[in-house]
Every structure is written in C-alpha cells, then in structure tokens.
Amino acid sequence: MELEKRLEKWDALFEELRKVVEEFLPTVEKSIKEVTNKVSELEQRMSVFEKELADIRMQTTEKSQNVEDIKNSFLSVVEDLNNSLNAEISNLRNELYNQIDELKKNISDVGVSSPGVDLEDLKNLEKEIDEVRGLIVKLSKELEQFRNQMVEKHRIIREKKVEGKSPRIL
Amino acid sequence: MGEAEKAEINEPKAESETKSESNVVPVGIKVGSQRTVIAKGNDIFIIETCVKEKENPITGEKDYVIGNEAAELYGDEAVYMLRGGLPGNEEEAELLKIFLTRVASEYGIPENTYVTYGIPSTEAEEGVNLFKKVVSQVPLGWVGKEVWNDSFLSALALPEGLGMLDKTFVVINAGSTTTDVVAVRRGEIVFSMVTGEVSGDIVDRWIKNEIMNETRGAVNIDLSTARSYKEKYANLKEWKSVQETVQLFDKGLYSFRIDEAVNKPVERYLDSLVDFLTLEFLPSLAEFNFKMYKKALESEFILAGGMAEIPGLKEKFATKISDALGVAITVRCPESPLTASARGALLISSLRVKQ
C-alpha cells in the first residue's frame, strides 16, 4: 500500500516535471530567443545611432568652423568696404575743396573783371560753399565714428563663455 | 575739480571706524566704454570716459581735457577710448592711463587706496592684459587692487550685499556698447554671454534717425544729443508729450515732438533684449548646463547698467520676459543701476580694508 502511495506520488511529480519540460521550458526558450533577438536588434540600432551622432558632431564642428569663417570673411569685407568708402570720401572731399578753391579764385577774378556782377549773390554763394565744406567735415567725422562702432560691434557680436569660473578676474 | 554727481550710499558703521584706524581708503571703480563710475565713501562720481588732446597755444605743450568737461566742451570730438569696456590697443591703453591718472587727481582719490575695478566679462585676453598694465601704472590702489566681473558686482549692490554670494541668479547688465548676461550660482559664474547688437548706443542712433524722419531731414542731431534726450525723456511708465524747438537755417523756429522719437526706440530695444535672452542666452545655457538653466528660470533676474535707469523699463521687461517664457520671472534692480557695479566694487574694497 505504502509503495503504491509512493509510486503515485512519484507519478504525480513525474507528470508535473513532464508538463514543465513539455510546456514551460519551450515557452521560456522561445522568450529567451525573442529577447536575444531584440537585444541584438537594439544593439544594431544603437550602433547606427552612434554613427549618426558622430556624423552630426562632425557636421556641427564643420558648420561652426564655416560660421566662424563666414563671420571672419564678413568682417574683412566690412573692413574693406569701410576703408574704400573712407578713401572715396577723402578723394571726393579733396576734389571738392580744390574745386571750391578754384571757384573762389574765379569768383574773385569775376568780381574784379566784371564790377557789374551782383557781389551780394557772390558773397552768399561763398557762404553756402563754406557751409557745405563744414557739413562734409561733420559727415566725415560721423562716418569715422560709425565705422569704429560697427567694426567693434561685429567683433563682439557673439561672445560666449562656457566655463564655470570665479567672478574675480585679477 | 570737474563736474561730479554725488549720491548718498549707505555704509555700515564699522567701515568708518576701520577707515579711521588705518588711512587706507577703499574705492570701487567701474570702467565703462561710455561712463566711468567711482564709489568712494559716501560719494559717487560719474565721469564720461573720454579724453581730448589739445595744444597749449603759448608753450606748444600737449595737454588733455578729460571726462565730463571734455564731453561738454568738445562733444563728438572727444575720444572715447574704450571698446566693449576695455582698451583695444596700446594707444587706447595710453589714453586710459592718462584718463585714470587725471581722474585720480581731479576727484581727490589718494594713492593709499584699495581699489576694486569692475570690467565686462570678455574672451579678449589682449584687452584684459592691457587693462592690467594700465592699472599697475596709475597712481591708484597702491595698497591693493582687484579686478572683478562688473555684472557680478552689480548684484552685490542689492540690499543683501555679500549675501548674494549664496544665491543663484541671472544678471543682465544693459550697458552703452554691450549687453552682458551672466548666470551665477553661489558666487560662481556658470555661463555668460556678451552681445554688441543690443546696447544703449544703438538706441541713440535709432533716436537720431527717428528725429530725422519725423522732421523730414530738417533736424539732424548728433549722438551725444540723442543720448541726452534718451536720459532726459525716455519713460515707459508714463508717456508725456514733449516738444523741442530748434532754430533752423532759413526756417526760423521749428518745433517737433521728441517723446515718440525717444520712447519708440527704447521699446524696440526692450524687444531686442527679450529676444536675445529667450532665443540665444537661455537656449545656450540649457544646452550647456540644463540644471542651471532650470534653476535660472526659478531665480531672480537682476537688471543693471545705464539702460535700466529708464523709468518703467524694469516693469515692462519683467512682463515681456515672463510672457515670452511662459513663467513668472522676478526682476529686480539695484538702486541706481548705473552706479551699482561701482558700489558693489566698493563693498569688496571695504571688506579687504577691514580684513
């Protein structure tokens, strides 16, 4: 009797074990396989992302360099433009002064050789010419100021400091 | 002595006791492209940072007129030697040296001083080196000298004083040639940006252009006049109609409104400032240090510098930046934002003298 009971018990255990082996283990194996596949898939995607990130990093570095280059070339263009503008204005100013001096000389000649000419009008003309001369000088100064300001402004268009540091400089 | 603007500042009693114990005088100096502010004891001197070289007609010797006198007498002919708050070359450094030497003598600042200087944050090593060279040569600060970031110093001018060293905050130093923004965490500058695109002198140019447009070219003021209009009439709290009259060649007396010509550029400046903060500074800060960015949005924004003196600017700035960021931002201003840097510098010098 006792032996039968023990055998029954062993049979029941064997049945359970058979269930585990036939049903549970395959399920576990299947899950493991799925997880393994997913992991390798994720690893592949990760390496793709890493590659893309490296590319983006390189592009960003290139672009920053490009921006820097563009900024520098823009600055030099502005500088050249300012220099040529200044030179042009200087030339025009000198030419105008020469012409004013010549005109003045002619006016005084006219005054002497044609006493009938209205001297009042000539004096007014001379006054206007002097005013124009003054305006040109003022304009030159303003342009010089503006040039200095713009060159300086573009030099410090963007300055970024990204280190944590003490507010004490020296 | 040249023209000087004096203001009362509160000093702890201990400092006057200390001053009497030793003869060392603590001084704070904020050197700016447009104005230099000196804080010494209870006095504040605001001086135009300019120099005019002239020749003595009798002796032929070179002489210099400096500061407010030079600006008043010579207008746009006076040379403002600094760019972005620092000398750019040896020539400008030499002019700065002459300026500071004469300022020391004209404003009675003795040699036995401990001087703290405030200068802008900058990557320009050359400028900082030239500045260092100048301060070592002028007859000031012979007991000791230090150079600090001027935006940070502005924050020390708040009632908390040195208590600000325990706080996290953002300082927006709205100056004449640059706007300097620094994010500070417990006495350390975590991140800073400087821009020349948003500044007081651009506002001056806009005002000049507005007046030219309004008067159809009849009135062409210079930049220093534009600046004085801005300082006198800019008011974002209450917009009052202000008429100006000039004598025009061939037209006689001519009247025009300057309130619109002044306040519109200031509003435009404010929009640019908010854009700079929300579209450039804060995104860059977020990219660099996200934790600090989040902390900054919860902390105080301190508005300092000459532009912050405009009535109503602080309130309008607070509204605009809160709207732009979608969070309520607390904006504070030290009393007299123009002189805050120098007063913060004086606090440091006083501390050193006490020590």
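Reckoned from all heavy atoms, side chains included, excluding hydrogens, waters and symmetry mates. Residue numbers begin at 1 in each chain, while the letters A, B, ... track the order of the sequences.
- Atom NZ of B:Lys52 sits in a crowded spot, with more than 12 heavy atoms from other residues, nucleotides or ligands closer than 6.0 Å.
- In this structure, no portion of B:Asp222 lies under 4.5 Å from any heavy atom of chain A.
- Listed by first and then second residue, the side chain to side chain donor-acceptor pair (under 3.5 Å) pairs that reach into residues 11-27 of chain A are A:Glu15-A:Arg18, sequence neighbours excluded.
- Contact record, A:Pro167 with B:Gly187: CD-O, 3.1 Å, taken as the closest heavy-atom pair.
- Heavy atoms of other residues, nucleotides or ligands lying less than 6.0 angstrom from CD of B:Glu53 number more than 12.
- Closest heavy-atom contact between A:Arg168 and B:Glu146: NH2-CG, 3.2 Å.
- Between B:Ile119 and A:Ile169, the shortest heavy-atom distance links the atoms CG1-CD1, 3.6 Å.
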